[in-house]
Amino acid sequence: MARTPSYFTKLLRRPSPKIIQNPNQQFRDIRNTGCGNDSQDKSQHSSEIVKEICGTIRSKPRWENTLLSDFSGVNFSDSTFLNQVLLHQNNVFLSIRLLYWLRSTFEYSPAQSTCSLIFNALVQDNAAKAAKSFLQFTQFVPEPAALESYVRCLCESRMIEDALQVFDEMKKTGVCPSLETWNCLLLSLIKEGYTDLVWELYRDMIESGVVTDLDTLSYLIQAFCLDKNITEGYQLLRQVLNDGYVPHKSAFDKLLFEFILDQKHDRVPALLHIMIAKGIKPDLYTYQQIIHGLCLTRMQREGLFIFNDLKNRGYAPDKIMYTTMIHGLCKMKWIKDARKLWFEMIQKGIEPNQYTYNTLLYGYFRIGDITKAQNLYKEMKTDYKETLIAYNTMINGLCSHGMTTEAFQLFKQMDSQNVCKDVITYNSLIRGFCKEGKLTESLTLLRELVDRGLQPSCSSYGPIIGKLYELGLIDEVKILWNEMQDKNVEPVSVCIDENIIIGLSKKGCIETGVYWLAYMVKNRLVPKQRTFEKLVAILSQRDKLDVGLSVFGHMFKIGYTPSSRLKDMIGANSFDSGLIV
DNA sequence: ATAGGGTTAG
């Protein structure tokens with residue numbers, strides 16, 4: 001089958017697309033990597049043959065079949081000669097291919113210096129995957145310095161697990177890595193959001209006696225932000241400033257974003273002033289993050305104000321800025337303003353891309369303008385239309401307005417176009433079918449979702465459980481509840497109605513309440529007082545008071561005082577005997 | 001002139 005656009009989009013979704021590019025264009029001549037100088041050619045005669053062989057390998061796609069007969073006089077067991085061929089190949093991937101061929105044909109094993117050159121070339125070209133398989137294949141052990149570059153290369157290719165593994169092995173051999181490598185790992189961990197590993201690595205750093213620098217501290221500030229620990233993040237920033245240094249702009253940006261998310265709006269201008277005073281100019285990215293944060297916390301009006309203010313001050317919003325703002329407006333159903341920005345953007349010569357289209361598409365569905373949504377969808381380029389997210393937006397939008405038939409049509413189309421579905425695709429349809437009372441269809445989809453190896457979420461079960469409960473099919477509900485627990489699906493409140501939890505518990509389905517309360521405790525959530533009280537009462541009647549009490553202890557800590565009603569329900573003795581503390 | 005950032009459910 002021909003490579004349809006969706007084939008490419010699937011490839012693009014993979015983390016490391018670098019290697020997919022044409023190796024002939026991307027990779028450099030390994031002689032130019034500046035490592036090793038043992039490639040001096042002494043024999044004029046063999047030098048010619050080396051060139052010829054390299055030329056053949058470069059030009060003949062299937063040279064493996066004919067190389068021996070084409071060069072029948074050549075002694076392919078002479079390792080000095082073969083090293084020269086490898087080193088003179090002007091493309092590191094071709095060198096590797098030759099190496100593999102030599103190995104399988106002659107059991108040739110390359111000299112350390114050759115391995116080193118090839119390996120370094122791969123690392124320099126950021127071909128992390130190739131470098132990894134090269135190491136596996138040759139069992140070659142690089143020098144510490146080369147290993148460090150390799151670790152950084154792995155980081156840049158987002159192969160952080162591999163990077164950490166190599167790094168650990170390095171340390172075990174007694175090598176102390178350079179600060180640059182430590183920092184590189186820290187940054188990668190932050191990009192992946194693995195903050196616990198950031199702190200672990202940082203402890204390691206300190207224990208190893210590494211002296212940290214400004215980069216390290218900037219990363220730590222960001223790690224604090226990711227942990228939602230803004231207070232400490234900000235403190236560290238102040239400390240660095242007091243010591244006379246200025247952290248990275250990204251540290252400021254992240255702090256600003258977290259201040260917004262945390263509704264600490266008064267801190268924002270103050271921090272912006274500090275930035276400017278320290279010579280760091282807030283840029284479009286900074287403001288985009290601020291606007292994005294405002295939109296996430298339902299403060300689109302303020303976001304729009306800043307957006308317009310920026311324009312007045314001469315900033316030219318870019319495509320992402322427009323998309324962020326349009327999305328915020330669509331979310332609050334301000335479609336007029338959203339459309340105004342959309343056309344303004346186009347007029348400025350900025351073409352909408354798949355993000356922008358999706359955003360407006362979502363907006364039309366949000367206000368229930370199906371016709372406009374469908375027209376916009378028709379207008380989209382095939383590359384934009386046939387993506388997972390565009391399909392999800394359409395399917396969900398249609399389902400929200402009772403058009404499950406049309407949605408299911410698109411759902412089937414995804415298969416024929418080789419677009420992978422995800423849990424959102426399924427959940428949207430499940431919800432749509434349930435709303436129309438089509439339980440069979442929903443359950444079929446749930447089965448399909450699980451069979452495909454996708455992890456179901458609470459939204460996969462919630463609508464079905466709700467419908468089953470409505471119909472009084474308690475046994476069926478129980479089966480699904482058990483399945484949810486088996487699959488570690490969290491019973492998120494927005495997906496599962498609290499009344500159902502109570503209803504089920506009352507009907508003898510105690511596990512429901514237990515499971516739900518355990519979830520609330522684990523996530524430090526506060527159930528509605530009445531729901532909580534009813535549940536505790538039910539649990540106490542059925543010898544499950546321990547769970548109820550554990551939640552109670554948690555609520556007690558946050559300052560909730562038990563009502564007399566609750567005391568009556570579960571009996572004053574429990575309080576007197578000091579169970580709750 | 002660097003990069004990064006934006007889209008889909010509940």
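Letters go in sequence order (proteins before strands), and every chain restarts at 1.
A:Tyr391 does not carry A:Lys421 over the face of its six-membered ring by the limits of under 6.0 Å from the centre and within 45° of the normal.
Contact annotation: side chain of A:Asp253 to base of B:dG5, donor-acceptor pair absent below 3.5 Å. In this model, no side-chain donor or acceptor of A:Thr324 finds a partner on the base of B:dG6 within 3.5 Å.
In this structure, A:Lys331 places its NZ atom 10 Å from P of B:dA9, rounding to the nearest Å. Put simply, OH on A:Tyr355 is 11 Å from P on B:dT8, counting in whole angstrom units. Distance A:Asn396 CG to B:dT7 C1': 13 Å, rounded to the nearest Å. Computed from coordinates, the A:His292 NE2 to B:dG4 P distance equals 16 Å when rounded to whole Å. The NZ-P distance, from A:Lys381 to B:dT7, rounds to 20 Å in whole Å.
Residue pairs meeting the salt bridge (charged side-chain N to carboxylate O under 4.0 Å, His left out) criterion with at least one partner in residues 476-486 of chain A, sequence neighbours excluded, are A:Arg447-A:Glu483.
Ion pairing between a basic and an acidic side chain is recognised when a charged N comes within 4.0 Å of a carboxylate O; A:Lys254 and A:Glu258 show no such pairing.
A side-chain N or O of A:Glu156 and one of A:Asn126 form a donor-acceptor pair less than 3.5 Å apart.
In this model, the phosphate group of B:dG4 is not approached by any side-chain N or O of A:His248 to a distance below 4.0 Å at OP1 or OP2.
With distances taken from any side-chain atom of A:Ile424 to the nucleotides B:dG5, B:dT8, B:dT7, the minimum falls on B:dT8. When the nucleotides B:dG5, B:dT8, B:dA9 are ranked by their closest atom to the side chain of A:Asp318, B:dG5 comes out on top.
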